[in-house]
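Predicted model only: the values in this text are computed from it and were never measured. We're numbering straight along the sequence, starting at 1.
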Amino acid sequence: IRILLLCLLGLRGWRMCVCRKGGINWYMGKVVFSFDSYVSPLYDASAKKVDEYILMVELQDVPYKVCRDVSVPSNLYIGYLGEVLVIAMGWVNYHLHEISKDGFYYMRPYNIEDKDMLAYDEDKVRDAFQYTVADLVSRKGSTFELMYDLGDSWRHKVTCLGKRKRSGYAVVEDPGVEVLSGEGCCPPDDCGVYGYRDLLSTMTDSSNEEYESMKGWLQGVWGYEDFDPLAFDLHSCRLRVDDYQRLIEEVRRGLFRRG
């Protein structure tokens, strides 16, 4: 019955918990949820001005161009910015990543608390959920770096192509981050920059002694029937980014809470 109610009423308009009947929160005749205080919101609601930044994310040190143009609200927390950019590029996102600019490194709190993992002076490391996109980019041409997989060190240059005034805040049904365009296929995880070059060379020569094993690795581990470094599917890329944003909001609203 609960699931049916959620589907019928939808998520729009859920703001605060007023009373509880039969294990469900109600307000003005609608189902509502109190936010989970342990999960950061996507956006800084205290921001007085919200712009939309168009960011171009370019993977560095690869033989083929791999880039994505993404629109992001200026009040999006940097902690989530790193996540959505990694997902937009096509990485699996089970490795650590960090954003850096002007000698400062923006990381998630639990990474900062693990002192043994820090490769930088503590005064150079910032909590990524205490800063927003507006703290990284201020004008057209502003740049910062996104590093994915601190072992393989996949470097991305992120450039602000411009900004425009937003008409309103993002809601669950209308994710605030949107992939606008892209080019090229993201390399598979766990091959490294130089390993990726070897992979591309191997896959262009079926007589190579490593061809079959490499093909099996691409198919069995990553699901590539025919890996094409030039391929890009905008629709599936958008779905990945949208699904991530919706999941965060649904977790915050308690959709997966027990009891």
Side-chain angles (χ1 to χ4, degrees), residues 55-72 78-100 107-108 110-111 117 119 128 144-159 175 177-248 250-251 256:
L55 304 180
M56 178 174 64
V57 191
E58 297 179 280
L59 181 60
Q60 307 294 291
D61 309 315
V62 290
Y64 297 98
K65 187 173 183 178
V66 183
C67 67
R68 307 287 184 263
D69 287 352
V70 184
S71 68
V72 300
I78 294 175
Y80 286 125
L81 174 67
E83 298 289 330
V84 295
L85 294 185
V86 165
I87 293 171
M89 289 301 292
W91 299 110
V92 175
N93 199 23
Y94 64 72
H95 293 293
L96 294 177
H97 64 266
E98 66 184 21
I99 284 177
S100 60
M107 305 178 71
R108 291 174 289 196
Y110 72 83
N111 296 137
M117 292 185 63
F144 60 90
E145 182 174 272
L146 167 68
M147 180 81 78
Y148 173 68
D149 188 343
L150 307 188
D152 284 344
S153 302
W154 293 100
R155 298 187 306 113
H156 305 74
K157 180 181 179 181
V158 186
T159 305
V177 179
E178 180 183 5
V179 181
L180 304 176
S181 60
E183 184 176 344
C185 182
C186 184
D189 277 66
D190 300 330
C191 64
V193 175
Y194 298 108
Y196 181 55
R197 293 176 181 271
D198 291 340
L199 180 152
L200 293 175
S201 176
T202 299
M203 296 309 296
T204 58
D205 181 10
S206 58
S207 65
N208 189 302
E209 61 182 12
E210 296 185 0
Y211 177 84
E212 289 301 328
S213 62
M214 187 68 72
K215 182 178 180 179
W217 181 73
L218 287 170
Q219 291 178 341
V221 177
W222 304 115
Y224 289 109
E225 291 298 327
D226 184 18
F227 181 77
D228 181 0
L230 302 179
F232 174 68
D233 184 343
L234 178 60
H235 178 67
S236 63
C237 182
R238 282 176 170 171
L239 286 179
R240 289 195 302 270
V241 172
D242 290 355
D243 286 347
Y244 173 78
Q245 294 175 92
R246 289 190 177 92
L247 178 61
I248 293 299
E250 289 173 356
V251 169
F256 303 99

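Expressed to the nearest 0.5 Å, how far NZ of Lys157 lies from CD of Gln60 amounts to 7.0 Å. Between the CG atom of Asp149 and the CG atom of Asn93 there is a distance of 11.0 Å, given to the nearest 0.5 Å. We find the CH2-CH2 distance between Trp154 and Trp91 to be 4.5 Å, quoted to the nearest 0.5 Å. Note that CE of Met107 is 9.0 Å distant from NE2 of His97, once rounded to the nearest 0.5 Å. With rounding to the nearest 0.5 Å, the separation of CD in Glu225 from CG in Leu218 is 10.5 Å. The distance from the CD atom of Glu250 to the CG atom of Asp243 is 9.0 Å, given to the nearest 0.5 Å.
Here Phe232 pairs with Arg68, Leu234, Cys237 under the side-chain contact (heavy atoms from CB on, under 4.5 Å) rule; sequence neighbours left out. By the side-chain hydrogen bond (donor to acceptor under 3.5 Å, both in side chains) test, Tyr194 pairs with no residue at all, sequence neighbours left out.
Minimum heavy-atom separation, Leu199 to Pro188: CD1-CG, 4.2 Å. Here the closest heavy-atom approach between residue Cys185 and residue Tyr196 is recorded as O-OH, 4.3 Å. Taking every heavy atom of both residues into account, His95 and Asp189 meet most closely at CD2-OD2, 3.3 Å. Smallest separation of non-hydrogen atoms from Val66 and Met89: CG1-CE, 3.6 Å. Between Ala88 and Val70 the shortest heavy-atom distance is CB-CG2, 4.4 Å. Of all the heavy atoms in Ser100 and Phe144, the pair that sits closest is O-CB, 3.4 Å.
Using a 4.5 Å heavy-atom threshold, the side chains of Pro187 and Leu59 count as touching.
In this structure a side-chain-to-backbone donor-acceptor pair under 3.5 Å is missing from His156 to Val57.
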Would you sort out whether Ile99 and Leu81 count as a side-chain contact (heavy atoms from CB on, under 4.5 Å), showing the intermediate values?
CA-CA 9 Å; Ile99 284 177; Leu81 174 67; 4.0 Å; yes
For side-chain contact (heavy atoms from CB on, under 4.5 Å), just list the numbers for Val221 and Asp190, CA-CA rounded to whole Å, side-chain angles, deciding distance to a tenth of an Å, and then say yes or no.
CA-CA 11 Å; Val221 177; Asp190 300 330; over 6 Å; no
side-chain contact (heavy atoms from CB on, under 4.5 Å), that's the test. Do Met203 and Phe227 meet it? Break it down for me.
CA-CA 8 Å; Met203 296 309 296; Phe227 181 77; 5.8 Å; no
Please evaluate residues Val177 and Tyr80 with respect to the criterion side-chain contact (heavy atoms from CB on, under 4.5 Å), reporting the C-alpha separation (whole Å), side-chain torsions for both, the decisive distance (0.1 Å), and the verdict.
CA-CA 10 Å; Val177 179; Tyr80 286 125; over 6 Å; no
Which side-chain N or O atoms in residues 208-217 pair as donor and acceptor under 3.5 Å with protein atoms at least two apart or in another chain?
residue, atom, partner, partner atom, Å
Asn208, OD1, Glu210, N, 2.8
Ser213, OG, Glu210, O, 3.0

